Amino acid sequence: MKPVFDSDFEIGVIGAGLMGRGIAQVAAQAGIRVRLYDAKPGAAVEACGQIKHAWDALVDKGRLNPQEAARSCNRLAPAMQLEEVASCSVVIEAIIESLPAKQELLRRLESIVGEHCVLATNTSSLLVTEVAAGCAHPERVAGLHFFSPVPRMKIAEVIDGVRTAPWVCDRLVDLVRRIGHEPVRAKDSPGFIANHAGRGYGPEALRIASEGVADFAVIDEILRDACGFRMGPFELFDLTGLDVSHVAGESIYRQFYEEPRFQPSLITRQRLAGGLLGRKTRRGFYEYDESGRRNPGVPASAPALRDIPVWVEAGDTSGHDAIRALARASNVHLEAGEKPSAGALAILLPIGEDATAACVRQQTDPRHTVAVDPLFLDRRRTVMLTPVTDALFRDQAKAILATDGIPVSVINDSPGFVTQRICASIVNVACNMAQQRIASPSDIDNTVKLALAYPQGPFALGDSLGAKGVLRILEALHERYREPRYRPSPWLSRRAALGIPLATPEAST
Ligand SMILES: NC(=O)c1ccc[n+]([C@@H]2O[C@H](COP(=O)([O-])OP(=O)(O)OC[C@H]3O[C@@H](n4cnc5c(N)ncnc54)[C@H](O)[C@@H]3O)[C@@H](O)[C@H]2O)c1
């Protein structure tokens, strides 16, 4: 066991770009002495000035006291030469994302620092083991992955390479805690936790869009309003920029030897080639004005109710009750028979199935049938059409669902609508990460909430939907598409079969 940090230790940060600056800022603010180095002449001095500005701004807003800002400033110093990090206990590299550049830097650092100094890499797409591979002592190298902007994203992934000694990550965990961030442990694998777990969201939304289920804005509004995601996937693509997100997605797909769950999309590849990167080019999935504001769309008004009776498929879930209550509140005649009459609108409430499968199961007239998502009815409702739903019946369904003023989106046939499909994909990807021992369910849930800002972690989400329900959605997707992309993770299917929480860890052997 190597010594823990004494009270007056010093860290080195190499690379004074966006990430290096953020790491240096939070560390110095937490009472740690920091030497900041950049290969570009003047860059480290300039970065220290920018960090000081950030502290001044916090003082002006009353979020940092001036004495603390001055003390933080005294703890931060630019290094003119790499050799000035010689006495550091930890050196964190945040230079460009290039394997040869990172390997070369770590080799140089090995000849400068003491034998107990930890060397950490902030790489987001390379394997830590590969970055460490050129070192004489790879056992002291580990991953320490922060998120941007570092002061606000209060989490860091701590990653053991295959040759990392156990004490190294223990020390990094201490460091992250001392900085005031939450440390999460991850196995060295492509995308670590957050960038891997995020594969259930954007890629599945692209798949839904590529099938013509709904346009980008409709998919975004459903996921934002009905499921509570802070941003829709296409809003998020615009924020990150396709030059980053499409390239990262392709890299993770290739590194996992073309795992079908992570298959990138032609939509983003083509848009990247066409220069529609997102906010940074003012054109992405949305258009932005010079000040970065999005051009507003035109909100659709609800159609008028007609004299078409409605029939709701039998069931005793809260979703069935809610739809029947809406039909009564709209004063439309609610049929009580086992089957709808010839002229009635049939509303089906499937889990996992598409509208066609549900219509065949109930033997209703596909021209008079819609499916309504029974799981997410509180803040936005989704009506799904069969390939031949008549426009009059579509509008009657929209009018009934909008009776109490909740907005309604209309989509084409899609197993599991948009919501169920995306939620099941997120849960399935996370379950498979737990199965592969990439991280524990609680670390995956924490990372997804803090780094991706999802309303719930995937395991909590899966348990709130019910493991059996999630399995049913994936099996319906698998049945419709017959693609390995939708195969349920064994972690999920075992816990669904036993009726135990999805976060239940494996028994020890
Ligand atoms: N930007 C993000 O959101 C993000 C998030 C997590 C991790 N990362 C990772 O963090 C690292 C840095 O990313 P960034 O966005 O801060 O990049 P950046 O381009 O803003 O900064 C990189 C800095 O490294 C310097 N540099 C390049 N080669 C160097 C060398 N050999 N020695 C010393 N300095 C060198 C450059 O001059 C530059 O100032 C990358 O590995 C990236 O993948 C980035």
Side-chain angles (χ1 to χ4, degrees), residues 12-27 34-51 78-85 88 91-113 119-128 130-132 134 141-159 172 176 181 184 186 188 190-198 236-237 239-252 255 277-280 447 450-453:
V13 177
I14 315 298
L18 179 72
M19 296 305 290
R21 271 201 313 270
I23 297 166
Q25 179 184 333
V26 292
V34 181
R35 302 305 298 261
L36 181 58
Y37 173 79
D38 197 286
K40 191 170 149 217
V45 173
E46 196 185 322
C48 289
Q50 287 168 331
I51 296 170
M80 301 304 143
Q81 308 290 330
L82 192 60
E83 285 68 18
E84 290 173 45
V85 299
C88 291
V91 177
I92 305 165
E93 77 74 18
I95 67 165
I96 44 163
E97 189 73 344
S98 146
L99 182 61
K102 288 188 192 288
Q103 286 182 331
E104 160 69 18
L105 172 66
L106 292 197
R107 265 196 301 269
R108 271 189 72 199
L109 283 168
E110 274 198 306
S111 66
I112 294 171
V113 298
L119 299 178
T121 172
N122 188 47
T123 181
S124 32
S125 66
L126 304 168
L127 289 178
V128 171
E130 280 176 350
V131 175
V141 180
L144 182 56
H145 186 227
F146 286 92
F147 295 86
S148 172
V150 181
R152 262 200 291 137
M153 304 299 280
K154 298 214 167 280
I155 185 157
E157 297 170 335
V158 177
I159 305 118
L172 290 178
V176 171
H181 279 35
V184 284
D188 190 18
F192 309 131
I193 304 178
N195 292 341
H196 185 167
L236 199 57
F237 280 129
L239 183 70
T240 313
L242 292 184
D243 51 335
V244 175
S245 47
H246 178 81
V247 172
E250 280 204 339
S251 159
I252 290 178
Q255 289 192 72
L277 304 191
R279 283 180 175 271
K280 61 183 83 167
T447 309
L450 289 173
L452 303 179

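We use all heavy atoms of the structure for the numbers below, so side chains are in, but hydrogens, waters and symmetry mates are not. Atoms within a ligand are numbered from 1 in the order they appear, just like the ligands themselves. The structure displayed is predicted, hence computed values, not measured ones.
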Per atom 26 (N) of ligand 1, closest listed option by heavy atom (I95, I23, V244): I95
Nearest heavy atom to atom 8 (N) of ligand 1 wins, so pick from A194, S124, A101, A451. S124
Min side-chain heavy-atom separation L99-V131 under 4.5 Å: yes
With heavy-atom distances below 4.5 Å as the criterion, would you say the side chains of I252 and H196 are in contact? no
Could you establish whether A43 and ligand 1 come within less than 4.0 Å of each other, counting only heavy atoms on the residue side?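 Distance cut 4.0 Å: A43 fails for ligand 1.
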Close approach, F146 and ligand 1, non-hydrogen under 4.0 angstrom: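 Checking ligand 1 against F146, which is what was asked, there is a heavy-atom contact under 4.0 Å.
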Stepwise side chain to side chain contact (heavy atoms under 4.5 Å, CB included) test for H246 and F237: CA-CA 9 Å; H246 178 81; F237 280 129; over 6 Å; no
What is the minimum heavy-atom distance between [X] and [Y], and which atoms define it?
{"X": "H145", "Y": "T123", "result": "CD2-O, 3.5 Å"}
{"X": "H181", "Y": "V150", "result": "NE2-O, 2.9 Å"}
{"X": "F192", "Y": "L126", "result": "CZ-O, 3.6 Å"}
{"X": "A16", "Y": "D38", "result": "N-OD2, 2.6 Å"}
{"X": "V34", "Y": "A27", "result": "CG2-CB, 3.8 Å"}
{"X": "L450", "Y": "M153", "result": "O-CE, 3.4 Å"}

Go through the steps to decide whether T121 and L144 satisfy the test side chain to side chain contact (heavy atoms under 4.5 Å, CB included), and finish with yes or no. CA-CA 6 Å; T121 172; L144 182 56; over 6 Å; no
Provide, to 0.1 Å, the distance between [atom] and the closest protein heavy atom, together with that atom's residue and name.
{"atom": "atom 19 (O) of ligand 1", "value": "I96 CG2, 4.7 Å"}
{"atom": "atom 21 (O) of ligand 1", "value": "G17 CA, 3.2 Å"}
{"atom": "atom 10 (O) of ligand 1", "value": "N122 ND2, 3.0 Å"}
{"atom": "atom 41 (O) of ligand 1", "value": "E97 OE1, 2.5 Å"}
{"atom": "atom 22 (C) of ligand 1", "value": "A94 O, 3.8 Å"}
{"atom": "atom 14 (P) of ligand 1", "value": "M19 CG, 3.8 Å"}
{"atom": "atom 32 (N) of ligand 1", "value": "A39 CB, 3.6 Å"}

Check: [X] N/O within less than 3.5 Å of ligand 1 N/O:
{"X": "D38", "result": "yes"}
{"X": "L18", "result": "yes"}
{"X": "K102", "result": "yes"}
{"X": "L105", "result": "no"}

Which bit of L82 gets closer than 4.0 Å to ligand 1, counting heavy atoms only: side chain, backbone, both or neither? neither
What part of H145, side chain, backbone, both or neither, has a heavy atom within less than 4.0 angstrom of ligand 1? side chain
Between R107 and E110, is there a side-chain N and carboxylate O pair less than 4.0 Å apart? no
I14 heavy atoms, cut-off 4.0 Å: which ligand 1 atoms fall inside? 33 (C)
Atom indices of ligand 1, in the order listed, that fall short of 4.0 Å to a heavy atom of S148: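 In order of numbering, the contacting atoms are 3 (O).
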Can you confirm whether something in the protein, heavy atoms only, sits under 4.0 Å from atom 43 (O) of ligand 1? yes
Ignoring hydrogens, tell whether any protein atom lies closer than 4.0 Å to atom 37 (O) of ligand 1; use the non-hydrogen atoms only. yes
From V113, I14, L82, residue fulfilling side chain to side chain contact (heavy atoms under 4.5 Å, CB included) relative to R108: L82
Evaluate F146 against M19 for side chain to side chain contact (heavy atoms under 4.5 Å, CB included), listing each step before the verdict. CA-CA 8 Å; F146 286 92; M19 296 305 290; 3.8 Å; yes
